[in-house]
2 protein chains.
Amino acid sequence: MHQSNDYFMTLPERTVERLSEYRRSLLQCLEEGKTHIFSHELANLHHNTAVQVRRDIMFIGYTSMQRKGYDVRELVDVIGEILDSEMGLNVAVIGIGNLGRAFTTYFVGKRSKLNIIATFDVDTTKIDRVISGVKCYPLSRLKEVVETHQISIAILTVPADSASEVAAQLVEAGIKGLMNFTTIPLNVPNEVFLDEYDMITSLEKVAYFVKSPRE
Amino acid sequence: MHQSNDYFMTLPERTVERLSEYRRSLLQCLEEGKTHIFSHELANLHHNTAVQVRRDIMFIGYTSMQRKGYDVRELVDVIGEILDSEMGLNVAVIGIGNLGRAFTTYFVGKRSKLNIIATFDVDTTKIDRVISGVKCYPLSRLKEVVETHQISIAILTVPADSASEVAAQLVEAGIKGLMNFTTIPLNVPNEVFLDEYDMITSLEKVAYFVKSPRE
DNA sequence: GAAATATTGTTAATTAAATCACAGCTTCGA
DNA sequence: TCGAAGCTGTGATTTAATTAACAATATTTC
Ligand SMILES: NC(=O)c1ccc[n+]([C@@H]2O[C@H](COP(=O)([O-])OP(=O)(O)OC[C@H]3O[C@@H](n4cnc5c(N)ncnc54)[C@H](O)[C@@H]3O)[C@@H](O)[C@H]2O)c1
Ligand SMILES: NC(=O)c1ccc[n+]([C@@H]2O[C@H](COP(=O)([O-])OP(=O)(O)OC[C@H]3O[C@@H](n4cnc5c(N)ncnc54)[C@H](O)[C@@H]3O)[C@@H](O)[C@H]2O)c1
């Protein structure tokens, strides 16, 4: 079927991921003073093919200056229009332990349309303090803070045994996107976008392919 | 084409991931005293379908007692035979900063066939100390330590600007599997299994689907 | 002990993603 | 000014992954 470049069409998940990655490389190119880039060059920076790059770019309806490659600045902007929300989105980290802190510290350093503006915990030694540059609230104030600060995305880094319960509270509080770093698979309603990353599983997968390489 | 249950066949990547996840749920079931489980029950614990579960289990050549569901203990063992290496594999964490420490601390608590037995860094305040329960070596001793301790898997959590260089050293040192947590895509030879996880990209993807939900 | 029910294992169909193949611009060099 | 070369954009094809469909089989019920 034909792919139009409608504004309202949703892109394939993998394409969205690659666009995010392309953008980072492109920003790097800009810093190095590179103004144009060919599809095969961008492909080489990531490990994929020129066709894949062109197809991804086709999805977002951008077309290059023929034979000069893509205008880096323009492409960055077009990707931004696709990926970013105009006035940014607010993010909260739930469970500010080792992983939550590592993530928050890392992310707060970056400028971005996504802002980590609150963290939540149940540990009274953390509540009401500023940790990794962000204020920590008691979980009991979740709904109130989510509403007043219009937080739409949550990053879940609580211990496994409270993951399901906290996830339910997040849904109830009106969160629209959830990144789950716990090892517990979550069930959330369809309208909440859920991304789960399980480091243990990833590591076991690597181990499997080390033991049983392909072909 | 027909899938035989040959010992040497390599499984689809997604199937390997799901098997790892199933195993964790199954171990949990065992603790709760559950001895048998139906495909649809296992499916419910993860968010997938009974058919998917049955197909995954078909891949590993295990068959249940008809109508009683799968024997949990047996299934755990069969998955173990597929995923685990007999005497385990040794793992190193490269760059023991915020993320490396979070990961190591978390993982060392678990018993597993995978053992984090070394970490590496260039920061002299860390070198030769025990961090998160594991000894930290200077990166300069990488090859030597990898060889003597037979380390086959590395977890890369160094700053972005040294990622490529360190990855090359890891390959050179004989690492066979690499988990890349940096935001730099790496190029490694085909025989090294590479898994990359980019948290920023994941978060941007969540933001995109929050902004543009599917249908 | 026959019919109804529940569940598996597997083939076939569908869907989604990646790759191939090539026509069509653009620029360049002669 | 014309042909050759280099890249892009996209329809057609292939490949991989998921889902549907159902026959086979064990268990329960009456
Ligand atoms: N650390 C890692 O690299 C890693 C790797 C894989 C998975 N995980 C998962 O990430 C999660 C967090 O890991 P961690 O190492 O940061 O653990 P951690 O114990 O360091 O941190 C957990 C934090 O959550 C807080 N907390 C507990 N209950 C809470 C609740 N109901 N609401 C809000 N906060 C609550 C705790 O006070 C603590 O601050 C775990 O579920 C773990 O399975 C972590
Ligand atoms: N923290 C996160 O949650 C997060 C999220 C996304 C990506 N990352 C990526 O993970 C990497 C590490 O992040 P972090 O937050 O832990 O950073 P960090 O600065 O806390 O840790 C980096 C560690 O690597 C060490 N190091 C520096 N150069 C090295 C070298 N050549 N060899 C070995 N060790 C070296 C440093 O001494 C430090 O201990 C970064 O590349 C970052 O892009 C981290």
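Hydrogens, waters and symmetry mates are skipped; everything else that's a heavy atom, side chains included, is used. Chain naming here is simple, since letters A, B, ... match the order of the sequence lines and numbering starts at 1 in each.
Between the CD atom of B/E13 and the P atom of C/dA18 there is a distance of 12 Å, given to the nearest Å. Taking atom CZ of residue A/F59 and atom P of nucleotide D/dT8, one finds them 18 Å apart after rounding to whole Å. If you take CD1 of B/I60 and P of C/dG9, they are 11 Å apart, rounded to a whole angstrom. Distance A/E74 CD to D/dT8 C1': 15 Å, rounded to the nearest Å. Distance A/D71 CG to D/dT8 C1': 15 Å, rounded to the nearest Å. The distance between atom CG of A/L11 and atom P of C/dA16, rounded to the nearest whole Å, is 14 Å. Atom pair A/F38:CZ and D/dG9:P shows a separation of 12 Å (rounding to whole Å applied). The CG-C1' distance, from B/D56 to D/dA17, rounds to 11 Å in whole Å.
The closest side-chain donor-acceptor pair between B/T201 and A/S20 falls under 3.5 angstrom. A/Q52 and A/H46 are not linked by any side-chain donor-acceptor pair at a separation below 3.5 angstrom, with hydrogens and angles left out of the test. For A/Y208 and B/T10, the side-chain atoms include no donor-acceptor pair closer than 3.5 Å. A/T15 and A/D56 share a donor-acceptor pair across their side chains, judged by distance under 3.5 Å alone.
Here A/L42 contributes atom CG and A/E21 contributes atom CD; the two are 10.5 Å apart, rounded to the nearest 0.5 Å.
The side chain of B/Y62 contributes no N or O atom lying less than 4.0 Å from OP1 or OP2 of C/dT8. Contact annotation: B/S64 side-chain N/O to C/dT8 OP1/OP2 distance is not under 4.0 Å. For A/S39, a side-chain nitrogen or oxygen approaches OP1 or OP2 of D/dT8 to under 4.0 Å.
Comparing C/dT19, C/dG9, D/dT18 by their nearest atom to the side chain of B/T63 picks out C/dG9. Of the candidate nucleotides D/dT27, C/dT10, D/dT18, D/dT27 has the atom lying nearest to any side-chain atom of B/K68. Distances were taken from every side-chain heavy atom of B/R14 (C-beta onward) to each of D/dT18, C/dA18, C/dG9; the shortest belongs to D/dT18. Checking D/dA17, D/dC7, D/dT27 against the side-chain heavy atoms of B/P12 singles out D/dA17 as nearest.
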Dump every N/O contact between nucleotides 21-26 of chain C and the protein below 3.5 Å, one line per pair.
none

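Comparing B/I37 and A/R55 along DNA chain C, the residue whose closest nucleotide (by nearest heavy atom) sits nearer the 5' end is B/I37.
No engagement by A/T15 is indicated, since no non-hydrogen atom pair under 4.0 Å with the nucleic acid exists.
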Exercise for review: Using the side chain to side chain contact (heavy atoms under 4.5 Å, CB included) rule, take B/I96 and B/D121 through it: C-alpha gap first, then chi angles, then the decisive distance, then the call.
Suggested key: CA-CA 6 Å; B/I96 189 81; B/D121 211 298; 3.3 Å; yes
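A/F103 pairs in a side-chain contact (heavy atoms from CB on, under 4.5 Å) with only one of the listed residues (B/L203, B/N98, B/L99), which is B/L203.
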